[in-house]
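Within every chain, numbering begins at 1; the chains are lettered A, B, ... in the order of the sequence lines, protein sequences first and strands thereafter. Just so you know, these numbers use all the heavy atoms, side chains as well, and skip hydrogens, waters and symmetry mates.
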Amino acid sequence: MAKIQTPQAVRGTQDMFGEAEERFAHVVATFERVRRLYGFKGLQLPVIEPTAVFSRSLGEATDVVSKEMYSFEDRGGDSITLRPEFTAGIARAYLTNGWQQFAPMKLSVHGPLFRYERPQKGRYRQFHQIDAEIIGAAEPAADVELLVMADQLLKELGIDDGVTLQLNTLGDTPSRDAWRAALVGYFNDHKGALSEDSLSRLEKNPLRILDSKDPKDRPIADAAPVIDDFLSGEAQDFFGAVTAGLDAAGVAWTRNAALVRGLDYYRHTAFEFVTDRLGAQGTVLGGGRYDGLIENLGGPATPAVGWAAGIERLGMLIDAVPTQQIEAMIVLENDAGLGHAFALLRQLRQAGISADMIATGSPKKRYDKAVKQSPAAILRVNEDGYYGMSGEGNNDRLKSVLQSLA
RNA sequence: GCGACCGUAGCUCAGUUGGUUAGAGCGCUGGUUUGUGGUACCAGAGGUCGGGGGUUCAAGACCCCUCGGUCGCCCCA
């Protein structure tokens, strides 16, 4: 029989183990703890949604919808998409479950998302985010609440000093539309000096020219009309209330008038926590207000704000997580004592002590193997059962369990 | 979708301008030593050099294609 070629992992997916997995789990555990402190309810959502959930809400012209979604037809002929982001699915769940009755809702989710992109540092085809949203709250206090939570999360993860909060407002719909029109007019007047990338942005997503990295574009982008000149009084007041709230809560922020969001649904507050420690992927946590989204999905006008952060990106920024080590490692020095070892293992584990044993390989090298796993204590078992422990430090709990067994 | 670099043992890598049976360390298995908190030594297993095609008397080294990886562009968390 010919040896078959082992299938490879799908490009852009990860098999996380060891340190990478521990970092990942630590980020999720910290998020789960912090979101409870802020009274956000957990949520479990499907990974697949009808394609329309995303195409209607993100904007047909966005890169995510036009070329990055994993979409397929299922056996019933429906177009299904692996979620490329959380917000649209949350909005869909809010509508289809009649959760208007609970508004305002503070919700949190985490899990895998899928985008067909070229893999890169901090960017994968299956990636993972933590996500927090407040749906049905029109007040700037909701924006503040989310930002304060994000700030605390980053502090608790110990990465706040390398990360800064950049804040901007995109205004309400009239402000944003007027600004956008002015930008298109302005950039059209300077077409000749723009980079090729920016010329195509001009067609699809003119706001993106503002944060172009091309040096050719910088002078033009820097001199472009600013949103502040187009903000309605209401929009100004809203942004002022957000910044005042952040100041009162002690959250540091900087204004970045060129900060725009990639997806069409954002209004008013837009923000990113950015770092320079992740190569090209500067954004660690980003979000904003999306008051128009739920209407786009056929629901009633519903104000909402939210943010999402890449778990892998956060995991790369945090300090090494102390690895979990086994408390009691049994070394079976003589196979005749296997029954004693089984019994002791079960008793330890039932008493809440993590335990494992080494009973294979050369009997003389078992002790060395146990030592290499650096357990808190090594329990020696021979044909007569447990007869001694090596270990130091605070293993009082273990000692008392062993005594109770004696 | 575009560009650059990379792909040799389970892991990290070496392999001279192409030249016999492809190497090391770690890990793994066994043994000797030591004799109870990571000892030292010996031996062994383990590789279609990512895959396919080509150039050549000869390819792990050169060329083409392809699949992966990494990092940029784009986009985004």
- Query: Considering only side-chain heavy atoms of A/Arg313, which listed nucleotide, B/rC73, B/rG68, B/rC76, is closest?
  - Reply: B/rC76
- Query: Looking only at atom C1', what distance separates B/rU17 and B/rU33, rounded to whole Å?
  - Reply: 48 Å
- Between atom OH of A/Tyr70 and atom CG of A/Leu82, what is the distance when rounded to the nearest 0.5 Å? 8.5 Å
- Rounded to the nearest Å, what distance is computed from the CD atom of residue A/Gln373 to the P atom of nucleotide B/rC28? 10 Å
- Would you classify A/Gly122 as touching base, sugar-phosphate or nothing, given that sugar-phosphate means primed atoms plus P, OP1 and OP2, and contacts are heavy atoms under 4.0 Å? base
- Task: Say whether, by atom type as modelled, one donor and one acceptor occur between the side chain of A/Arg115 and the main chain of A/Glu68 under 3.5 angstrom.
- Result: no
- Cationic tip of A/Arg35 within the cone over A/Phe40's six-membered ring, i.e. under 6.0 Å and within 45° of the normal? no
- Assign each of A/Glu333 and A/Asn205 to its nearest nucleotide of RNA chain B by heavy atoms, then name whichever residue's nucleotide is nearer the 5' end. A/Glu333
- Rounded to the nearest angstrom, tell me the gap between atom CG in A/Leu157 and atom P in B/rA77. 19 Å
- Message: With rounding to the closest Å, how many angstrom separate the P atoms on B/rU66 and B/rC28?
- Response: 41 Å
- Query: Quick one: A/Leu379 CG to B/rG37 C1', roughly how many Å, whole number?
  - Reply: 13 Å
- Query: In Watson-Crick or G-U wobble terms, both distances under 3.5 Å, what is the partner of B/rA24?
  - Reply: B/rU12
- Message: Any donor-acceptor pair, under 3.5 Å, between the side chain of A/Arg201 and the base of B/rC74, if you only look at N and O atoms?
- Response: no
- Task: Compare side-chain N and O positions of A/Gln120 against OP1 and OP2 of B/rC71 and report whether any pair is under 4.0 Å apart.
- Result: no
- Message: Taking only the C1' atom of each, what is the distance from B/rU36 to B/rU20 in whole angstrom?
- Response: 50 Å
- Rounded to the Å, how far apart are A/Phe86 CZ and B/rA77 C1'? 11 Å
- Query: If we call it a pair only when both distances are under 3.5 Å in a Watson-Crick or G-U wobble match, what pairs with B/rG46?
  - Reply: none
- Query: For B/rC62, which nucleotide in any strand shown is its Watson-Crick or wobble partner with both distances under 3.5 Å?
  - Reply: B/rG54
- Task: Tell me what A/Lys121 touches on the nucleic acid: a base, only sugar-phosphate, or nothing, going by heavy atoms under 4.0 Å.
- Result: sugar-phosphate
- Would one find a side-chain N or O of A/Arg123 under 4.0 angstrom from OP1 or OP2 of B/rC75? no
- Message: Without decimals, in angstroms, what is the distance between A/Glu117 CD and B/rA77 P?
- Response: 10 Å
- Message: Under the criterion of centre distance below 5.5 Å and interplanar angle below 30°, is A/Tyr367 classified as stacked on the base of B/rG37?
- Response: no
- What do the steps show when you test A/His268 against A/Phe239 for ring pair (Phe, Tyr, Trp, His ring centres under 6.0 Å), and what is the final call? CA-CA 7 Å; A/His268 284 295; A/Phe239 190 56; 9.3 Å; no
- Item | Who pairs with B/rG1 - Watson-Crick or G-U, where each distance is under 3.5 Å | B/rC73
- For B/rA9 and B/rG44, measure between their C1' atoms and round to the nearest Å. 14 Å
- Assign each of A/Tyr116 and A/Phe273 to its nearest nucleotide of RNA chain B by heavy atoms, then name whichever residue's nucleotide is nearer the 5' end. A/Tyr116
- Query: Is there a donor in the side chain of A/Tyr387 and an acceptor in the side chain of A/Glu333, or the other way round, less than 3.5 Å apart?
  - Reply: yes
- Message: Any base atoms under 4.0 Å from A/Arg208, or only sugar-phosphate, or nothing? Heavy atoms, all strands.
- Response: sugar-phosphate
- Item | C1' gap between B/rC11 and B/rG54, integer Å | 33 Å
- Query: Can you tell me how far C1' in B/rG68 sits from the matching atom in B/rC41, rounded to whole Å?
  - Reply: 41 Å
- Message: So A/Arg261, base contact, sugar-phosphate only, or nothing? Heavy-atom distance under 4.0 Å.
- Response: sugar-phosphate
- Message: Using side-chain hydrogen bond (donor to acceptor under 3.5 Å, both in side chains), reason through A/Asn296 and A/Ser57 one step at a time and then give a plain yes or no.
- Response: CA-CA 6 Å; A/Asn296 287 351; A/Ser57 55; over 6 Å; no
- Check every strand shown and say whether A/Glu68 touches a base, only sugar-phosphate, or nothing at a heavy-atom separation below 4.0 Å. sugar-phosphate
- Message: With a cut-off of less than 4.0 Å, is there a side-chain N or O of A/Lys369 near OP1 or OP2 of B/rU29?
- Response: yes
- Give one of base, sugar-phosphate or nothing for A/Gly12, where a contact means two heavy atoms less than 4.0 Å apart. sugar-phosphate
- Carboxylate-amine/guanidinium contact A/Asp228 A/Arg255, below 4.0 Å: yes
- Message: Rounded to whole Å, please give me the gap between CD in A/Glu85 and C1' in B/rA77.
- Response: 11 Å
- Message: Please give the distance between the C1' atoms of B/rG51 and B/rC67 as a whole number of Å.
- Response: 7 Å
- Message: Check the phosphate of B/rC75 against A/Lys67, side-chain N and O only, distance under 4.0 Å to OP1 or OP2. Yes or no?
- Response: no
